[in-house]
Amino acid sequence: MIIKLWINDQEITKEIDGDAILLDFLRDHDCYSVKRGCVTSNCGLCTVIIDDKPVLSCSTLVARADKKHIYTLEGLQEEAREFGECLADQGAEQCGFCSPGLVMTVLAMVKELKNPSDNEINEYLSGNLCRCSGYMGQLRGIKDYLQKKGGAGK
Amino acid sequence: MRTINKFVKVKTLAEAYELNQKRSNVVLGGFMWLKMGNQAIQTAIDLSGLGLDQIEENDEGFQIGSMCTLRDLERHEGLDEYFQGAVREAVHHIVGVQFRNGATVGGSVFGRYGFSDVLTCLMALDCQVELYQRGIVPLKEFAQMKHDNDILMRVLIKKDGRKISYQSQRHAKTDFPVIAVAVARKENQFFVSVGARPMKAGVIEKSGWLPASSRSDREIEALADWAKDQFIYGSNMRATSEYREHLAYVYIKRGVKEVLGNDH
Amino acid sequence: MRAVNQAVRKKDAMLLVTGQPVYTQDLAPKDCLIVKILRSPYAHALIKEINTEPATKLPGIECVLTYKDVPDQRFTLAGQTFPEPSPYDRLILDQRVRFVGDAVAIVAGENEQTVDKALKRIKVKYEVLEPLLDFRTARDHKVLIHPEANWKSLCDVGADNTRNLCASNEEKNGDVDEVLGSCEWVIEQTYHTKANQQTTMETFRSYTYRDQAGKLTCVTSTQIPFHVKRILSNALALPESEIRVVKPRIGGGFGAKQTAVTEMYPALVTQKTGKPALLVYSRRESLIASAPRHENEITVRIGADKNGIIRAIDMVTLSNTGAYGEHGPTTVGLSGHKSIPLYGKVEAFRFKYDVVYTNVMSSGAYRGYGATQGTFALESAVNELAEKMKLDPVRIREINMVKEGAVMPAYYGETLNSCALDRCMAKAKEMIGWQEKYPGIELNNGKVRSIGVAMAMQGSSIANVDTAAVFIKVNDQGHYDMKIGATDMGTGCDTILAQIAADCLNCSVEQISVSGVDTDVSPYDSGSYASSTTYLTGTAVVNTCETLVEMIRKKGADQMGCPIEDVEFDGDRVHRVSGNESITLRALANVQDQDADLSATESYCSPVSPPPFAVGMAEVEIDTETGAIDLIDYVAVLDCGTPINKSLVRVQAEGGIAQGIGMALYEDIVYSREGRNLSNSLMQYKIPTRLDVGRIRVDFASSYEPTGPFGAKSIGEVVINTPSPAIANAVYNGVHVHVRELPITAEKIYNGMKQHKNKSN
């Protein structure tokens, strides 16, 4: 089937298989920030943003992304740097393999939640696994970022 | 590995129903579970163009389109308010926000999964499903039906003044439940549903329990003890049947107390 | 010190947070053959027939390889210095399969779909054998896991394949039975720790190709590039000189990648076909055919006098290495060597162990490496002793803990040069409010809140074995290129080592450029494991800088025509002490003469392995009706010597503790009765989410290690050791239940409470 979609505002029209998975499609289109950490929708590494919502690209058929705008970290470099610096100042990116998924979900969160509490932050991000950091440094980085953006964490 | 030969975004329910009569064709929900499977799917039927992604609320109740996501359910203010947060409580432990942005109500209910929080919660409410061919069927009945080739359109929940409590216990916070218990009360009628036993949720209902004159702890305990005996329990890697049975008792007891509220 | 002891941002941080393509799979050429493995459905079987033809015939399939296609010389995948203590017990593919998931065939083809199809077309006839699944019965069992004649053990570790023994030994000091016999108080208990997955977010993966020089090049997510080179040489029967290994950024290690899990498969494909080949393990493969923590059963006897002074410790460890012996003989040693020495007044100890083969997935190296298992057992036993004696568990540790200056017979006779364990304990007590909170309180909602304690140690590198070399060169801009063979796996060693170099060379961290590892160009390093990098490679950095500074001074003095004694190097320029003359480093770097090259290389191998220390305290809330447990607060105070990078050391600690919490509460590899691994996805093998770890609070009580760079010891491993025993202790203090088998689930706590009830009725 032929689909048309936008990856980071770039229009793509392409013939695809019915079972093509968005994650693979994105990597095939040079969006290497999108990672696969599991096949059971548990890790959050493959998170991308569609219609302002964080979505698991490993569980999304490309066919279903037809006519949609998809954003990956490649298309949100400025935002990634801004939040990423807060993470880096805590040393909380560690191996970095979960960072793109986390950054994407945080960017979606700041649009969806106003002044989130620690608990609301942790709930929103519970689908983003990290094995290195123990999460404390990530939370410190996220709160710094919220504070910088003016919507301080309570 | 799962394969899909053809993807069809249907224009009408009739088209979906017709396609779904073939055994090797499958209706897509959120694709979260389906993608992990091993089957060769001839035609994947996508309902997302049919406007079934809305939750409508009126004086009688809620009509939840089968393509609504679990996140829609979780964030719906009307549902949250009317059922005292129980629907949100049933849903928000499920993996994470991204997962719930994908997983659909239709997929959860149609799958009738043993671990389902959603099914456990809905079973304790006055809930029906609207099927394309068969029409409206009580959820309790639907849960026992064999998987067939009908299409789930909507989940309907009546506003009948029920108070409901939802509880679950898990190892890690976003894991499958070890046990899930919903207790609802409509005046002096009680509904108890227990899921993740690890079999799929069942519901029992009984009127005339605990009249206002006899709501001591001891009577509630006796009732919980009786109620937990109405279900069977099994063992898996998360817990033994004995432990699940005990948990069912504890959470039914607590649920009853919660829905009695100030009447206790 | 300008850079050391600061919170310097990691050199690769911005690359990582902006999602740049820097990991193995991102770098693989797009025309790589896709490699996948056909796996055994049986725990123990012999391949009788294997027909690959229907698979080979598929268009797009490059090759299908079986045990008939591999060299018949056994080797180990353990990343250890030669001669490896781990037995040479495997082939790339073997006719005997030893666990559900063991490799049966390798398929390579042009895309994933075709390869998947081919996997289904391989026809295998197995002779199914009786599996040996219970490690308690493995020794001298009639079922032999490795009956083959070419099995061999290179080191004297007590291995015997005819008895299913991967290792066996006994060590002692003094007469433990005699001392125990004269003790007022004796405790004897058995503890059971489970296999756990390191669960790196990036699963195992490697790709191989022939480089411009024809070398078989392996780009791989590894902690041990130099060992991988030798392992591939052994596996492929290819000289090491024809192999090159490159480590890009890697998505987590934790010991998992101290075993060469995937490298040999694509390497064999490239060797046979000459084509580039890529193997990416699925999460499932990473969970069923990898290298998790060794399951241990440990029996502990401890004896104390009437005042609570611990006089004797006897430990017997049974370790399950699974189908192959990777890290089996060495992990088990740490269960005793890195727990018993915590108690400084012990007059006699005995430490005995067996490591056995079984038909489950092979074990490997996981952060803590045996010390974690031993610490759970010994610390739990000490808590049981305290309970029996009605002593506060903090108090019993205060009066028994090892002190600076002590000679430790159970720790290779080393002298403890630096130790702030006492200050760690005092600070942890204060942070959690031990005096006010111990043992716990009943809340009015049917729950109790209680606290528990444990302490732990580890090492810093393997003494007299691990070796690190460093090469630093002044380039013509006056900046430095530093080459290391240690592998940054997200821990930040590239940055930490640059901080050390910066302070030695009196420059900024930015002036030190650090390269990733390429065995063709990097200096030798045994690898990033055994808590070695900061301590060992860090010392090599210091040594290299000293040599380099001497060279800079000499060259400066030569240029100015004065003796070297008359010059100093301030980081920017070499200047005369007796005059105003000076010359910049940049100018020196551009002087062309016969010793134009300003570069130095030095290496280091430590005669000692100074232990870092940890005290952990857990606060939990338990539902007394269900046993459901919530971790509320975790306090850890650490002595890692001088923290080189303040933020990275903190995150190392928080991360290790979170892993320890998962191990304590629910991580468990569960097998079916037939030996099928049920914990085969992140849906079934749960690691903690950010909702599960409560609050983790870390602080430091630093000692100064005289043998370490700027006083540093290690941090990476010690941090994972306290959560299991501290949480078990908190459970006891709340509901008087001893959970002696991990994980500490709600059901186990409930069953314990029920037993109490039944007894008291």
**Student:** Between chain C and each of A/Val103, A/Leu129, A/Leu139, A/Val39, count heavy-atom pairs under 4.5 Å; write down the option with the most.
**Tutor:**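 The residue among A/Val103, A/Leu129, A/Leu139, A/Val39 with the greatest pair count is A/Leu129.
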**Student:** Considering residues, nucleotides and ligands other than C/Lys646, do more than 12 of their heavy atoms fall under 6.0 Å from its NZ?
**Tutor:**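 No, because the 6.0 Å sphere around NZ of C/Lys646 holds 12 heavy atoms or fewer from other groups.
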**Student:** Does the side chain of C/Gln113 come within less than 4.5 Å of A/Asp17's, by heavy atoms?
**Tutor:**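 With C-beta onward as the side chain, the pair touches.
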**Student:** Heavy-atom cut-off 4.5 Å, strictly under: side chain, backbone, both or neither for C/Arg249 against chain A?
**Tutor:**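 For C/Arg249, neither part sits under 4.5 Å from chain A.
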**Student:** Go through the atoms of A/Leu45 and report whether side chain, backbone, both or neither lie under 4.5 Å from a heavy atom of chain C.
**Tutor:**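 Contact with chain C: side chain only.
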**Student:** Need one label for C/Leu682: side chain, backbone, both or neither, based on atoms under 4.5 Å from any heavy atom in chain A.
**Tutor:**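 Both parts, backbone and side chain.
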**Student:** Tell me, side chain or backbone of C/Ser282 under 4.5 Å from chain A's heavy atoms, or both, or neither?
**Tutor:**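 C/Ser282 has no heavy atom closer than 4.5 Å to chain A.
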**Student:** Nearest heavy-atom pair of A/Phe97 and C/Arg205: which atoms, and what distance?
**Tutor:**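 So the two residues come closest at CZ-NH1, 3.9 Å.
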**Student:** Between A/Asn128 and chain C, with a heavy-atom cut-off of 4.5 Å, which part of the residue counts as in contact: side chain, backbone, both or neither?
**Tutor:**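 Interface part for A/Asn128: both.
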**Student:** Answer yes or no: is there a side-chain heavy-atom contact under 4.5 Å between C/Gln25 and A/Arg36?
**Tutor:**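 They are not in side-chain contact.
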**Student:** OG of C/Ser647 to CG of A/Asp89: how many Å apart, nearest 0.5 Å?
**Tutor:**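 Result: 8.0 Å between the selected atoms.
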**Student:** Looking only at heavy atoms, what is the nearest atom pair of C/Pro21 and A/Tyr32, with distance?
**Tutor:**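 Shortest heavy-atom separation between C/Pro21 and A/Tyr32 comes out as CB-CB, 3.7 Å.
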**Student:** Does CZ belonging to C/Arg39 count more than 12 external heavy atoms closer than 6.0 Å?
**Tutor:**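 Count over threshold, so yes.
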**Student:** Check whether A/Ser99 gets within reach of chain C through its side chain, its backbone, both or neither, counting any heavy atom under 4.5 Å.
**Tutor:**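 Side chain only.
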**Student:** Ion pair present between A/Asp118 and C/Arg690, side-chain N to carboxylate O less than 4.0 angstrom?
**Tutor:**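 Looking at A/Asp118 and C/Arg690, the cut-off is not met.
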**Student:** Are more than 12 heavy atoms, taken from residues, nucleotides or ligands other than A/Glu11, located less than 6.0 Å from that residue's CD atom?
**Tutor:**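 For A/Glu11, atom CD is crowded (more than 12 foreign heavy atoms under 6.0 Å).
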**Student:** Would a distance-only check, ignoring hydrogens and angles, find a side-chain to backbone donor-acceptor pair under 3.5 Å from C/Arg283 to A/Gly37?
**Tutor:**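 At least one qualifying donor-acceptor pair exists.
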**Student:** Below 4.0 angstrom, N of the basic side chain to O of the carboxylate: do C/Glu654 and A/Arg140 qualify?
**Tutor:**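 Counted as a salt bridge, because a side-chain N and a carboxylate O are separated by less than 4.0 Å.
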**Student:** Which region of A/Asp24, side chain (C-beta onward) or backbone (N, CA, C, O), has a non-hydrogen atom less than 4.5 Å from a non-hydrogen atom of chain C, or is it both or neither?
**Tutor:**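 Neither part, no heavy atoms under 4.5 Å.
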**Student:** Output the option from A/Ala80, A/Ser41, A/Ala88, A/Cys31 having the highest count of non-hydrogen pairs under 4.5 Å with chain C.
**Tutor:**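 The candidate making the most pairs under 4.5 Å is A/Ala88.
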**Student:** Is the shortest distance from a Lys or Arg side-chain nitrogen in C/Asp26 or A/Lys35 to a carboxylate oxygen in the other one below 4.0 Å?
**Tutor:**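 Yes.
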**Student:** Give, as side chain, backbone, both or neither, the part of C/Arg650 having an atom under 4.5 angstrom from any heavy atom of chain A.
**Tutor:**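 C/Arg650 touches chain A through side-chain heavy atoms alone.
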**Student:** Can you name the closest pair of heavy atoms from C/Lys30 and A/Asp30 and give their distance?
**Tutor:**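 In terms of heavy atoms, the two residues are closest at NZ-OD1, 3.4 Å.
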**Student:** For A/Arg131 and C/Gln198, indicate whether the former's side chain and the latter's backbone hold a donor-acceptor pair under 3.5 Å.
**Tutor:**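 The answer is yes, because a donor-acceptor pair under 3.5 Å joins these two groups.
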**Student:** Please enumerate all residues that pass side-chain contact (heavy atoms from CB on, under 4.5 Å) together with C/Ala28, with sequence neighbours excluded.
**Tutor:**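 In terms of side-chain contact (heavy atoms from CB on, under 4.5 Å), with neighbours along the sequence ignored, C/Ala28 is linked to C/Cys32, C/Tyr207, C/Leu278.
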**Student:** Can you find a pair of side-chain heavy atoms, one from C/Val693 and one from A/Met136, that are under 4.5 Å apart?
**Tutor:**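 SC-SC contact between C/Val693 and A/Met136 confirmed.
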**Student:** Can you tell which part of C/Lys686 gets under 4.5 Å to a heavy atom of chain A, answering side chain, backbone, both or neither?
**Tutor:**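 Contact with chain A is through the side chain of C/Lys686 alone.
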**Student:** What part of A/Gln138 gets closer than 4.5 Å to chain C, counting heavy atoms only: side chain, backbone, both or neither?
**Tutor:**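 Just its side chain gets close to chain C.
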**Student:** Given that the side chain runs from C-beta out, which part of A/Leu87 has a heavy atom under 4.5 Å from chain C: side chain, backbone, both or neither?
**Tutor:**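 Side chain only.
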**Student:** Under a 4.5 Å heavy-atom cut-off, does chain C meet the side chain of A/Leu76, its backbone, both or neither?
**Tutor:**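 Neither part.
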**Student:** Closest heavy-atom contact between A/Cys95 and C/Lys10?
**Tutor:**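 Taking every non-hydrogen atom into account, N-NZ, 4.3 Å.
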**Student:** Any side-chain heavy atom of A/Glu123 within less than 4.5 Å of one from C/Leu691?
**Tutor:**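 Contact flag for A/Glu123/C/Leu691 side chains = yes.
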**Student:** Which one wins on heavy-atom pair count under 4.5 Å against chain C: A/Pro100, A/Ser33, A/Cys38, A/Ser133?
**Tutor:**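 The residue among A/Pro100, A/Ser33, A/Cys38, A/Ser133 with the greatest pair count is A/Ser133.
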**Student:** For C/Ile696, is there any backbone N or O sitting under 3.5 Å from a side-chain donor or acceptor partner on A/Tyr135?
**Tutor:**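 Checked: no pair found.
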**Student:** Heavy-atom distance under 4.5 Å between the side chains of A/Gln94 and C/Met489, does that happen here?
**Tutor:**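 A/Gln94 does not reach C/Met489 side chain to side chain.
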**Student:** Count the heavy atoms belonging to other residues, nucleotides or ligands that lie under 6.0 Å from CD of A/Gln10, then report whether that count exceeds 12.
**Tutor:**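 No - once you tally the heavy atoms of other residues, nucleotides and ligands closer than 6.0 Å, there are 12 at most.
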**Student:** Checking heavy atoms, do the side chain of C/Glu285, its backbone, both or neither come under 4.5 Å from chain A?
**Tutor:**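 Answer is neither: C/Glu285 stays 4.5 Å or more from chain A.
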**Student:** Looking at A/Gln77 and C/Thr18, would you say the former's side chain and the latter's main chain have a donor-acceptor pair under 3.5 Å?
**Tutor:**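 Yes; judged by distance alone, with no hydrogens or angles, the pair exists.
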